[in-house]
Amino acid sequence: MTTHAPQAAQAVTLPGSLDEAVAALAAMPAAVPVAGGTDLMAAVNSGQLRPAALVGLGRISEIRGWQYQDGHALLGAGLTHARMGRPDFAALIPALAAAARAAGPPQIRNAGTLGGNIATASHTGDALPVLAALEATLIIAGPGGARREIPVSHLLAGVEMLRSGELIGYVRVPLLHAPQVFLKATGRTGPGRATASVAVVLDPARRGVRCAVGAIAPMPLRPLDAEAWVGRLIDWDGERTLAQEALHAFGEYVSAACIPDPAPEGDGSVAPLPPAVQQLRRTVAVLARRALGRALS
């Protein structure tokens, strides 16, 4: 029970197309777009958000599927986690399918969407490290039928933001046709929000490894030096295997890059990391090691 129930939205608009949704947002600057509502409604129910109006995106069929486009998959922002977790999608982008299946209980997977995961930009969003490792691009819909593209990493880092009246329409993901793995660690309560997550993607055409670490910072982190180092160790023309020592070293390299030691004090001494941070670093190392090992197996 609560003595301060959130006020109901004054207006709800249900557009049938992406451009109609953009027009509705332009006409009602205070309106909030809603698709699955898994994060939005939690904020409304807790009284943290009281939108003056809502623009529902659930009837826009054009953003609820995907298509092939010049060696890429063009994913609609309205794709649900449940839909991305199915076998046909998993054959297309395995790591994103794995992240979708790990997004929470069925009621969350059935409602939550890819675009919502990106727009909310929660540091624990399971799709975010996968999209960062895949170097995905967002197609943003704006007023008057305008479209612009930005790297997903730019939006998550705040380098580029959604402008007034804009919506994420699609996500363009390169189809690498190579192994990719997503792993995450959660708290003791079982499946749920990640305490750390790692996505590893092999890119044979560029003879490289891409890795992104999620949940430990406000945005996914790319350990670029670790990627370059391990990429040089892999025999891309052979069996693509690594010794356990190399896998272990990669995990340590990734974790140290993402959770560095404190800066030296004035006397040159370095304070130890708090136990909880040390445990988090060990978790990241294990996830990175296992993810790369599975990708190469």
Side-chain angles (χ1 to χ4, degrees), residues 66 68-75 84-103 114 125-138 151-153 156 171-185 194 196-216 219-258 283-297:
W66 71 82
Y68 300 100
Q69 187 182 78
D70 300 326
H72 293 70
L74 192 63
L75 312 179
M84 291 187 291
R86 293 182 185 176
D88 58 342
F89 190 93
L92 190 72
I93 312 174
L96 193 54
R101 289 193 294 265
L114 177 62
D126 291 318
L128 303 187
V130 178
L131 295 175
L134 289 169
E135 297 180 351
T137 301
L138 304 179
V152 67
S153 57
L156 298 178
V171 182
R172 180 179 285 120
V173 178
L175 295 176
L176 302 177
H177 303 294
Q180 48 187 254
V181 176
F182 170 81
L183 298 175
K184 83 175 190 179
S197 60
V198 171
V200 168
V201 174
L202 301 188
D203 188 349
R206 292 162 57 180
R207 294 176 175 260
V209 174
R210 301 185 206 162
C211 176
V213 178
I216 66 171
M219 62 167 288
L221 303 177
R222 288 280 302 276
L224 298 178
D225 289 344
E227 292 178 3
W229 173 79
V230 79
R232 291 191 294 267
L233 297 182
I234 297 173
D235 179 6
W236 294 100
D237 297 319
E239 296 182 357
R240 299 183 193 171
T241 58
L242 285 178
Q244 286 298 317
E245 293 80 5
L247 291 174
H248 180 83
F250 174 72
E252 296 298 322
Y253 204 159
V254 170
S255 63
C258 295
T283 299
V284 171
V286 170
L287 291 176
R289 180 178 77 239
R290 289 178 178 174
L292 180 59
R294 293 184 186 182
L296 293 172
S297 64

Checklist entry - Would Leu92 and Trp66 satisfy side-chain contact (heavy atoms from CB on, under 4.5 Å), going step by step from the backbone distance to the final call? => result CA-CA 11 Å; Leu92 190 72; Trp66 71 82; 3.7 Å; yes
Checklist entry - Where do Ile216 and Leu221 land on the side-chain contact (heavy atoms from CB on, under 4.5 Å) test, with the steps shown first? => result CA-CA 9 Å; Ile216 66 171; Leu221 303 177; 4.0 Å; yes
Next on the checklist: Asp235 vs Asp237, test: side-chain contact (heavy atoms from CB on, under 4.5 Å). Steps then yes/no.
Outcome noted: CA-CA 5 Å; Asp235 179 6; Asp237 297 319; 4.0 Å; yes
Next on the checklist: Checking Ile93 against Leu75 for the side-chain contact (heavy atoms from CB on, under 4.5 Å) test, could you report, in this order, the C-alpha distance in whole Å, the side-chain angles of both residues, the deciding distance, and whether it holds?
Outcome noted: CA-CA 11 Å; Ile93 312 174; Leu75 312 179; 4.0 Å; yes
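Counting non-hydrogen atoms of other residues, nucleotides and ligands closer than 6.0 Å to CZ of Arg290 gives a total of 12 or fewer. Applying the 6.0 Å contact sphere to NE2 of His72 captures more than 12 heavy atoms from other residues, nucleotides or ligands.
Nearest heavy-atom pair across Ala178 and Pro204 is CB-CD, 3.4 Å. Nearest heavy atoms, Arg101 versus Gly85: NH1-O, 3.1 Å. Contact record, Cys211 with Arg222: O-CD, 2.9 Å, taken as the closest heavy-atom pair. When all heavy atoms of Gly214 and Pro129 are compared, the pair lying nearest together is N-CB, 4.0 Å. Residue Gly251 comes nearest to Ala288 through the heavy atom pair CA-CB, 4.0 Å, listed as atom of the first residue, atom of the second, then distance. Closest approach of Leu183 to Ala291, counting heavy atoms only: CD1-N, 3.6 Å.
At least one side-chain heavy atom of Leu138 sits under 4.5 Å from a side-chain heavy atom of Val152. Using a 4.5 Å cut-off on side-chain heavy atoms (C-beta onward), Leu114 and Leu131 make contact. Looking at heavy atoms from C-beta onward, Phe250 lies out of side-chain contact with Leu242 at the 4.5 angstrom threshold.
A donor-acceptor contact shorter than 3.5 Å is absent between the side chain of Trp236 and the backbone of Arg206. Counting only distance, with no hydrogens or angles, the side chain of Lys184 and the backbone of Asp126 share no donor-acceptor pair below 3.5 Å. Within the 3.5 Å criterion, the main-chain N or O of Leu247 finds no donor-acceptor partner in the side chain of Arg289. Remark: the backbone N or O of Val200 is not paired with any side-chain donor or acceptor of Arg210 at under 3.5 angstrom.
For the atom pair Leu292 CG and Arg294 CZ, the distance stands at 12.0 Å (nearest 0.5 Å). With rounding to the nearest 0.5 Å, the separation of CZ in Arg172 from CD in Glu135 is 14.5 Å.
Gln180 pairs with exactly one of Leu202, Asp203, Leu96, Leu134 by the side chain to side chain contact (heavy atoms under 4.5 Å, CB included) rule, that one being Leu134.
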